[in-house]
Asks: 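Got a structure for you, written out below as structure tokens; questions coming shortly.
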Amino acid sequence: MLEIHRIREEKDQIIEALKVRNLDATAKIESILDMDTKWRSAKGELEAIAAESNKIAKEIGQLFAQGKQSEANAAKAKTQELKESEKELKETVNQLADSLQQLLYEIPNVPDPLVPSGKSDQDNEEVDKGGVIPNLGQHAESHWDLAKKYNLIDFEMGVKVTGAGFPFFIGQGARLQRALINYFLDQARDAGYTEFIPPFVVNEASGYGTGQLPDKEGQMYHCQIDDLYLIPTAEVPLTNMYRDVIVNEEDLPIKVTGYTPCFRREAGSYGKDVRGLNRLHQFDKVEIVRVEHPDNSYAALDEMVSYVKSLVENLGLPYRILRLCGGDLGFTSALTYDFEVFSAAQEKWLEVSSVSNFETFQANRLKLRFKDAENRKNLAHTLNGSALALPRIMAAILENNQTAEGIKVPEVLVKYTGFDMIR
RNA sequence: GGAGAAAUGGCAGAGUGGUCGAAUGCGGCAGUCUUGAAAACUGUUGUACCGCAAGGUACCGGGGGUUCGAAUCCCUCUUUCUCCGCCA
């Protein structure tokens with residue numbers, strides 16, 4: 001959520017910057033400012049009336065104390081009218097505040113100047129790439145065929161027990177998955193991130209805090225009886241730890257990591273993109289989250305990008321790094337880098353990580369602030385990144401590393417799997 | 001799940017209808033004293049919003065209500081503790 005002060009002061013720049021998202025926010029911004037003006041003036045009136053009736057109430061108290069009953073009762077009658085208009089005005093003020101809040105929720109984050117314009121993922125800007133795409137020859141098998149051949153993943157069993165998009169991992173498949181989790185967590189720890197195992201369900205306030213609500217209502221699984229949401233990413237619980245928190249400046253940066261399963265309804269996704277491991281309703285991910293000083297957040301973003309790069313390089317996967325264009329940029333993000341790995345049998349690039357700087361957009365909703373040297377409270381910056389999302393990594397490993405003898409396990413994982421070849 | 005108790009400022013802890021944004025203690029900050037430190041003493045010390053300012057408003061777990069007036073009374077929700085039941 002953008003800060004209302006900022007909208008007041010930088011209206012034109014914000015409207016201009018939002019055009020990179022192919023969004024003309026002029027009307028919305030205007031009505032926000034209009035609503036804001038009305039709200040402030042109504043609130044001013046309300047407070048004047050409240051001040052008046054507070055004053056009278058105090059006087060009545062004194063009159064009673066002095067035993068002047070009749071005068072006190074006369075004063076009481078005087079407040080009737082005030083009470084009426086106070087009630088009415090309060091209603092108006094609350095309504096204006098609600099509408100203002102609703103409108104503010106609808107404005108996405110202002111893109112960083114680096115964000116290229118563009119309509120879709122076609123227009124994302126490749127900023128880096130590495131690794132070697134293997135030449136598999138004509139007998140290359142897709143990961144879903146390999147998963148069946150080596151009995152690593154059972155998609156049909158998942159359909160039977162739960163539904164499409166909830167596979168079972170089996171034997172060496174399950175162990176490879178667990179190895180990846182442990183490898184990613186150990187790497188994150190070595191990079192200075194503190195490990196957490198957070199709750200896998202969150203309340204509504206947390207959904208609002210990181211911006212999944214109200215924007216992505218319907219993409220999360222919702223347990224209605226308890227009004228709790230299954231997390232779509234560890235970002236939600238990890239970042240919401242800092243909701244309503246004021247940290248000391250010297251405690252920054254805060255660097256945390258956590259492994260969680262992630263649950264996504266993926267309403268509206270059909271077709272070939274959902275084949276095999278490409279898109280699941282439940283998947284595993286290790287996430288890294290940072291709370292940063294505003295002066296430092298872009299350096300932190302770069303650091304996170306090079307950290308994630310080291311992971312895909314260590315796994316020996318061909319990758320490319322994309323700077324998301326305005327059309328593809330997430331609602332809450334100011335600047336996002338996506339990582340894709342090449343899955344050589346499908347001959348497709350698969351997104352495995354998304355690293356973003358949210359600047360104060362989340363912090364404003366979270367009321368996450370830091371206290372500076374002058375004891376002033378300022379909104380902090382939040383960032384997060386996948387490091388990494390597992391299923392597509394597994395897909396790429398299975399496909400790219402297939403040989404006539406079996407599937408080669410990446411060297412860095414061998415000490416975690418306990419085997420170097422899937423046969 | 002059942003019965004009971006509780007939730008107050010950074011912490012502890014008073015406050016059961018009026019001058020309470022809230023006693024007191026601890027902690028924090030500033031000063032006096034001291035070669036320095038400690039101790040002692042003095043002062044100061046919540047947050048948010050509106051306003052150029054003066055000032056005003058709101059906040060005693062959340063929401064609603066009664067009242068001229070609520071930390072205090074009523075309703076409701078949440079959380080914590082104690083006991084009982086159930087359970088990995």
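Residue numbers begin at 1 in each chain, while the letters A, B, ... track the order of the sequences.
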Asks: Rounding to the closest angstrom, what is the interatomic distance between B:C86 and B:A3 at atom C1'?
Replies: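 Approximately 16 Å lies between the C1' atom of B:C86 and that of B:A3.
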Asks: Taking the minimum atom-to-atom distance to the side chain of A:T79, which one of B:U47, B:C49, B:C68 wins?
Replies: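 It is B:C68.
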Asks: Does one side chain, of A:S206 or A:R243, offer a donor that lies under 3.5 Å from an acceptor on the other?
Replies: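 Side-chain D/A pair, A:S206 to A:R243: present.
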Asks: What integer number of Å spans the C1' atoms of B:U42 and B:U78?
Replies: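 It comes out at 44 Å once rounded to the nearest Å.
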Asks: Once you round it to whole Å, what is the distance between P of B:U79 and CG of A:D226?
Replies: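 In whole Å, B:U79 P lies 10 Å from A:D226 CG.
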Asks: Would A:E292 and A:Y298 count as having a side-chain donor-acceptor pair, cut-off 3.5 Å?
Replies: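 Checked: A:E292/A:Y298 side chains show no N/O donor-acceptor pair below 3.5 Å.
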Asks: Please report the distance, rounded to the nearest Å, between NZ in A:K87 and P in B:G69.
Replies: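 Distance check: A:K87 NZ to B:G69 P gives 11 Å.
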Asks: Between B:G17 and B:G69, how far is it from one C1' atom to the other, in whole Å?
Replies: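 Straight-line distance between the two C1' atoms is 8 Å.
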Asks: Starting from P on B:G63, measure out to CD on A:E204 and report it in whole angstrom.
Replies: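 Nearest whole value for this atom pair: 15 Å.
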Asks: Side chain of A:K83: nearest nucleotide among B:C50, B:U19, B:G69?
Replies: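 Closest nucleotide to the A:K83 side chain: B:G69.
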Asks: Toward the 5' end of RNA chain B, which comes first, A:E86 or A:R369, by nearest nucleotide?
Replies: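 The residue whose closest nucleotide sits nearer the 5' end is A:R369.
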Asks: With P as the reference atom in both, quote the distance from B:U35 to B:C29 in angstrom, rounded to an integer.
Replies: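 24 Å, rounded to whole Å.
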Asks: Starting at the 5' end of RNA chain B, which residue's closest nucleotide do you reach first, A:K377 or A:A75?
Replies: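 The residue mapped nearer the 5' terminus is A:K377.
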Asks: Is it the case that A:E399 and A:H143 place a side-chain donor and acceptor less than 3.5 Å from each other?
Replies: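 Yes.
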Asks: Shortest non-hydrogen contact from A:T26 to A:I15?
Replies: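 Heavy-atom minimum between the residues: OG1-CG2, 3.6 Å.
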Asks: Within a 6.0 Å radius of atom NZ on A:K367, are there more than 12 heavy atoms belonging to other residues, nucleotides or ligands?
Replies: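 Atom NZ in A:K367 is not crowded, with 12 or fewer foreign heavy atoms closer than 6.0 Å.
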Asks: Given atom CG of A:D244 and atom P of B:G61, what is their separation to the nearest angstrom?
Replies: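 Distance check: A:D244 CG to B:G61 P gives 16 Å.
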Asks: When the P atoms of B:C20 and B:A38 are considered, how many whole Å apart are they?
Replies: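 Rounded to whole Å, the distance is 36 Å.
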Asks: State the pairing partner of B:A6; accept Watson-Crick or G-U wobble contacts with both distances under 3.5 Å, and report none otherwise.
Replies: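 Pairing partner, where one exists within any strand: B:U79.
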Asks: When the C1' atoms of B:U47 and B:G21 are considered, how many whole Å apart are they?
Replies: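 The answer is 11 Å between these two C1' atoms.
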Asks: Which part of the nucleic acid, if any, lies within contact of A:R8, taking any heavy atom under 4.0 Å across all strands shown: a base, the sugar-phosphate backbone alone, or nothing?
Replies: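 The answer is sugar-phosphate, as A:R8 gets under 4.0 Å only of primed atoms, P, OP1 or OP2.
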Asks: Please measure how far the C1' atom in B:C60 lies from the corresponding atom in B:C11, and state the result in whole Å.
Replies: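 These two C1' atoms come out 16 Å apart once rounded.
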Asks: Ring centroid separation for A:Y208 and A:Y105, is it under 6.0 angstrom?
Replies: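 Centroid separation for A:Y208 and A:Y105: below 6.0 Å.
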Asks: Is B:G1 paired to anything, Watson-Crick or G-U wobble with both distances less than 3.5 Å, and if yes, which nucleotide?
Replies: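 The answer is B:C84, by the H-bond criterion.
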Asks: Please list, by residue number, the residues of residues 46-58 of chain A whose heavy atoms come closer than 4.0 Å to an atom of RNA chain B; answer none if no residue qualifies.
Replies: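 Close to the strand are A:E47, A:A50, A:A51, A:N54, A:A57.
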Asks: What is the pairing partner of B:A70, taking Watson-Crick or G-U wobble pairs with both distances under 3.5 Å in any strand?
Replies: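 Here B:A70 is not engaged in any pair, so there is no nucleotide opposite it.
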Asks: Output yes when at least one side-chain N/O atom of A:R40 is less than 4.0 Å from OP1 or OP2 of B:G56, else no.
Replies: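 No.
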Asks: Expressed as a whole number of Å, how far does the C1' atom of B:C87 sit from that of B:A22?
Replies: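 Per the computed distance, 45 Å lies between those C1' atoms.
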Asks: Given A:V352, which partner from the list A:V308, A:L315, A:I393, A:L311 fulfils the side chain to side chain contact (heavy atoms under 4.5 Å, CB included) test?
Replies: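 Looking at A:V308, A:L315, A:I393, A:L311, the match for A:V352 under the side chain to side chain contact (heavy atoms under 4.5 Å, CB included) is A:I393.
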Asks: Could you tell me how the ring of A:H281 sits relative to the ring of A:Y221: parallel (under 30°), tilted (30 to 60°) or perpendicular (over 60°)?
Replies: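 If you compare the ring of A:H281 with that of A:Y221, the planes turn out perpendicular.
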